[in-house]
Amino acid sequence: MYTQALNARDTEAGAVEDADRVAAFQARVDAEEKIEPNDWMPEGYRKTLVRQISQHAHSEIVGMLPEGNWISRAPTLKRKAALLAKVQDEGGHGLYLYSAAETLGVSREELTEQLLSGKAKYSSIFNYPTLTWADIGAIGWLVDGAAIMNQIPLCRCSFGPYSRAMIRVCKEESFHQRQGYELLLEMVRSSEEQKEMVQDALNRWWWPSLMMFGPSDTDSQHSAQSMAWKIKRFTNDELRQKFVDATVPQAHYLGLTIPDDKLSFNEATGHWEFGEIDWDEFMRVIAGNGPCNRERLAARKKAHADGAWVREAAIAYSRKRADRREAARHAAE
Amino acid sequence: MTEKTTPLWEVFIRSRTGMAHRHCGSVHAADAEMALQAARDVYTRRGEGLSIWVVPSSEIIASDPAQKDELFEPTASKIYRHPTFYEIPEEVGNM
């Protein structure tokens, strides 16, 4: 569900490429034609996509961890079933995305290695802890809400496999946001104490959610090229503003206060204006020093290592069966 | 022990009776049976299908996009293959 547009752009590659091919490629993109895996594409386009799609996939996979933390402690069977289904969806979304990235010539093993070695990034939001049950609601409402803002324009991305994966993801994502908001609504209506838990969750998740849209446009080095390639359709700040405009009234409906004393509605523009994001915190989390970065990576590494014998056994079994089929065929001849 | 690469399979799903199987993505799996199970889990969590095909990705032979013109242009010039090429008087009625 989450890309954060952290990619540094590859520029050098374009210099050595045939100008005619680059121009023909750009013309196809400009004509809103989808680019497919076997089509010629500039190296920078391929690299940008591999990084963006794999980063998006890693985010889905790591995103299972903070929510998985609450599956065994969900307050009712209904909430447990919903959370299980949601976490399973995140795993599925990761797999759709890995499969889209692989069409660009990178292997699943390489992508996994990049995540586990810490070379690849994933969305900063998953490095925050889920301390109370209200956090599960806040993630659905805010984190999935922000993800939907990001992903709807990606359905029109110029790269066919990414755009098709995004269409599937978006179809499934709406349930994620709705179950979160409904959960919070039930809590704020239940008791003062539970309402306080929800306010506390909003206080902790609000700013990290705004950071999900990535650096501000003035600091985002790659936006222009990604827009020209029609990988991105809106800038980080445009998407962030859309999210704030959609979310503030939803918070008010819950009877909550957005933790930003600069927040005010501008009658003239029709937009909610908000305070400055703590970019130092953002950079700290991206650099690997958020509250849970080490824990998340350690959990992924453990899962991968613990599953190694299963992968090996499955391959060994498929070999054994293939050998037996081969032997039976020889015997029959 | 060095880990071997898990094979890649392309997944095709028939959404309703009477429809063709349609490509929807890929999965990694050690063998065909596991590929079918993985495809079911990954691509049909909400009643998307009635039938699944999985095909080893390495078995798919694709045409070269660079040969698009020579492969497909000739069909564009054969307008006599289309019904609208032939003139039938209106009195004859729908044909």
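Letters go in sequence order (proteins before strands), and every chain restarts at 1.
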Query raised in the report: Where along residues 9-25 of chain B does a heavy atom come under 4.5 Å of chain A, listed by residue number?
Result: B:C24, B:G25
Query raised in the report: So how far is it from A:S99 OG to B:L8 CG, rounded to the nearest 0.5 Å?
Result: 7.5 Å
Query raised in the report: If you draw a 6.0 Å radius around CD in A:E326, do more than 12 non-hydrogen atoms from other residues or ligands fall strictly inside?
Result: yes
Query raised in the report: A:D89 and B:R46: side chain to side chain contact (heavy atoms under 4.5 Å, CB included), yes or no, with the steps?
Result: CA-CA 10 Å; A:D89 274 352; B:R46 287 177 177 77; 2.5 Å; yes
**Report entry** Smallest separation among heavy atoms of B:P65 and A:D39, with atom names
**Finding:** CB-OD1, 3.3 Å
Query raised in the report: Under a 4.5 Å heavy-atom cut-off, does chain B meet the side chain of A:Y317, its backbone, both or neither?
Result: side chain
Report task. Answer yes or no: is there a side-chain heavy-atom contact under 4.5 Å between A:R108 and B:T6? Result -> no
Query raised in the report: OG1/B:T5 to CD/A:E110 distance, rounded to the nearest 0.5 angstrom?
Result: 10.0 Å
Query - Side chain proximity check, B:E48 to A:K171, heavy atoms < 4.5 angstrom - result: no
Query - Pairwise side-chain contact, A:E102 with B:H28, heavy-atom cut-off 4.5 Å (strictly under) - result: yes
**Report entry** Interatomic distance, B:K68 atom NZ to A:N38 atom CG [nearest 0.5 angstrom]
**Finding:** 12.0 Å
Query raised in the report: Do other residues, nucleotides or ligands put more than 12 heavy atoms under 6.0 Å from A:R46 CZ?
Result: yes
Requested in this report: Return yes if some donor-acceptor pair links the side-chain N/O of B:Y43 with the main-chain N/O of A:Y96 below 3.5 Å, else return no.
Outcome: no
Report summary line: The interface call for B:A66 against chain A, heavy-atom contacts under 4.5 Å, is neither
Query raised in the report: For A:E172, is it the side chain, the backbone, both, or neither that has a heavy atom closer than 4.5 Å to a heavy atom of chain B?
Result: both
Query - Contact summary for B:M34 and A:A314, nearest pair of heavy atoms - result: SD-CB, 3.8 Å
Query raised in the report: Does A:K302 NZ have over 12 foreign heavy atoms under 6.0 Å away?
Result: no
Query raised in the report: Taking it one step at a time, do A:R321 and B:E33 satisfy side chain to side chain contact (heavy atoms under 4.5 Å, CB included)?
Result: CA-CA 12 Å; A:R321 293 217 302 179; B:E33 196 185 336; 3.7 Å; yes
Query raised in the report: Taking all non-hydrogen atoms of both residues, which atom of B:D41 and which atom of A:Q88 are closest, and how far apart?
Result: O-NE2, 4.4 Å
Requested in this report: State whether the number of non-hydrogen atoms from other residues, nucleotides or ligands found under 6.0 Å of A:W40 atom CH2 is greater than 12.
Outcome: yes
